[in-house]
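Remarks on the structure that follows.
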Amino acid sequence: MGIDLGTASVVIYMQGKGIVLNEPSAVAYNSEGRIVGVGKKAYDMYGRNPSGIRVIKPLVNGVVADFTATKHMLEYFFSKVCKNMVLRPNVIMCVPSAVTDLEKRTLLSLASAAGAARAWLIEEPLAAALGVGLESSRPKGIMVVDIGGGTTDIAIITMGSIAISKSLQVAGNAFDEAIMRQLRRERDIIIGEKTAEQIKIKIGSATLRDVELGMTAKGKNYITNMPEAFEISSTEVFLALRPCLEMIIGGIRETLEQSTPELAADVLDYGIVLTGGGSMLRNIDKMIERKTGIKTKLASSPLNCVALGAGRAIEHVDLLSDSGYIIRVNDKPKAGKKESKRD
Ligand code: ADP
Ligand code: MG
């Protein structure tokens, strides 16, 4: 199985079956600490807080913030997708390129604890590159920009490894927060995270639209503290999102500045590929292309391509561990063999 353990969602690819799961990263507990929902069910409770129920998002900015909740979530998802399987699955999990060794070990032990037979890690930008079908083992440089929930990860990949990478804490969640801030400041309206996300998905745009879109949403009036329905336009959303978008452009520019002239020239040839849910914001590809002068295209399934790439990597585990794709192997000593003293 290839697993994309994201801040916003978990996607699982299974060899021979394709994408078998795509659910929000969330676990709900009741007041006694018992699990009452995982994934979509937990996410539906988020922001509504039925009495005594606590909804936890176990990952923050791409790293594990709550070990136990992550384990519970993985156990549940594993059992869901492996219902009729006799053997425990081999798992390859994606990690942001910026995680520390300790975080890598945490993730590997989590995968084992949740029921994996063997577990490997792969850096997310590499998985994304494999997932969009890029032949990233060739010497050319390509840029992958993954705009997820918590982070935007920018990487230039060459010869099967990451030449340079950068992680910004500006992505989908920051877009939602920007919309919430804008409404509160300009119109005295308070909305929840989910409403902000719906507004972003429905009428959000990375460029100013010739034909405005509009929608009705609901929130609370900050002054009267009463529920209120209001109209919001795509121009308003665009203005709220603009500072975040500029930060992403800044990150792309900095990454190019820090790369060698040859690599930068390759990126100019091969362009930028966008992945992650945040890249589904209208016209974000056009906006990046216009601001950087580099041709930019959206991956064909932005939400699934990291898990897909991880799945492809597992089909070539032996080959890939040689070419530096997989960053750590969690090989347990085989039963019957004595452990060496150093282990
Ligand atoms: P992660 O890898 O961090 O789990 P994802 O790649 O699943 O994140 O992306 C999640 C983000 O994508 C969320 O912030 C979500 O609001 C956003 N998103 C999903 N669909 C769209 C869309 N159509 N337009 C804009 N943003 C979207
Ligand atoms: Mg992701």
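Both ligands and their constituent atoms are indexed starting at 1 by order of listing. Throughout, residue positions are numbered sequentially from 1 according to the sequence presented.
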Return yes or no for this condition: an N or O of G278 is under 3.5 Å from an N or O of ligand 1. yes
Protein heavy-atom partner closest to atom 10 (C) of ligand 1 - residue, atom, separation in Å: A8 CB, 3.5 Å
All salt bridge (Lys or Arg N to Asp or Glu O under 4.0 Å) counterparts of K40, not counting sequence neighbours: D44
Any heavy atom of G204 sitting closer than 4.0 Å to ligand 1? no
Per-atom filter on ligand 1: closer than 4.0 angstrom to a heavy atom of L303 are 7 (O)
Looking only at side-chain N and O atoms, does S234 offer a donor or acceptor that is under 3.5 Å from a partner on E212? no
Check whether the side chains of R34 and Y29 place a donor and an acceptor atom closer than 3.5 Å, and report yes or no. no
If you count the atoms of ligand 1 from 1 in the order shown, which ones are under 4.0 Å from a heavy atom of L281? 24 (N), 25 (C)
Please identify which atoms of ligand 1 are closer than 4.0 Å to at least one heavy atom of G6. 1 (P), 2 (O), 4 (O)
Report yes if T7 has an N/O atom closer than 3.5 Å to an N/O atom of ligand 1; otherwise report no. yes
Give the contacting part of V306 toward ligand 1: side chain, backbone, both or neither, where contact means a heavy-atom distance below 4.0 Å. neither
What I'd like to find out is whether the side chain of F67 reaches to under 4.5 Å of the side chain of T106, using heavy atoms alone. yes
Salt-bridge criterion met for E23 and K80 (N-O under 4.0 Å): yes
Has D266 got a side-chain atom pairing as donor or acceptor with G141's backbone, closer than 3.5 angstrom? yes
Assess the side chains of D285 and T296: does a donor N or O sit below 3.5 Å from an acceptor N or O? no
Among protein heavy atoms, which lies nearest atom 7 (O) of ligand 1, and at what distance? S9 OG, 2.7 Å
Show me which atoms of ligand 1 lie under 4.0 Å from any heavy atom of I201. 20 (N), 21 (C), 22 (C), 23 (N), 24 (N), 27 (C)
Got an N/O contact under 3.5 Å between G149 and ligand 1? yes
Between D176 and K200 (salt bridge meaning N to carboxylate O under 4.0 Å), is one present in this structure? yes
Per the side-chain contact (heavy atoms from CB on, under 4.5 Å) rule, which among T235, L239, L241 passes with V237? L241
Does an N or O anywhere in G148 fall below 3.5 Å from an N or O of ligand 1? no
Closest to atom 17 (C) of ligand 1 (judged by heavy-atom distance), picking from E124, K200, M280, K194: K200
Using distance only, find each side-chain donor-acceptor pair of residues 246-258 under 3.5 Å and give its atom names and separation, not counting sequence neighbours.
from, atom 1, to, atom 2, distance (Å)
R253, NH2, K291, O, 2.8
E254, OE1, K166, NZ, 3.0
T255, OG1, G251, O, 2.6

Could you tell me, atom by atom, which parts of ligand 1 come under 4.0 Å of a heavy atom of G276? 6 (O)
Closest non-hydrogen protein atom to atom 6 (O) of ligand 1, residue and atom name please, with distance? G277 N, 2.9 Å
Looking only at distance, does E197 have an N or O less than 3.5 Å from an N or O of ligand 1? yes
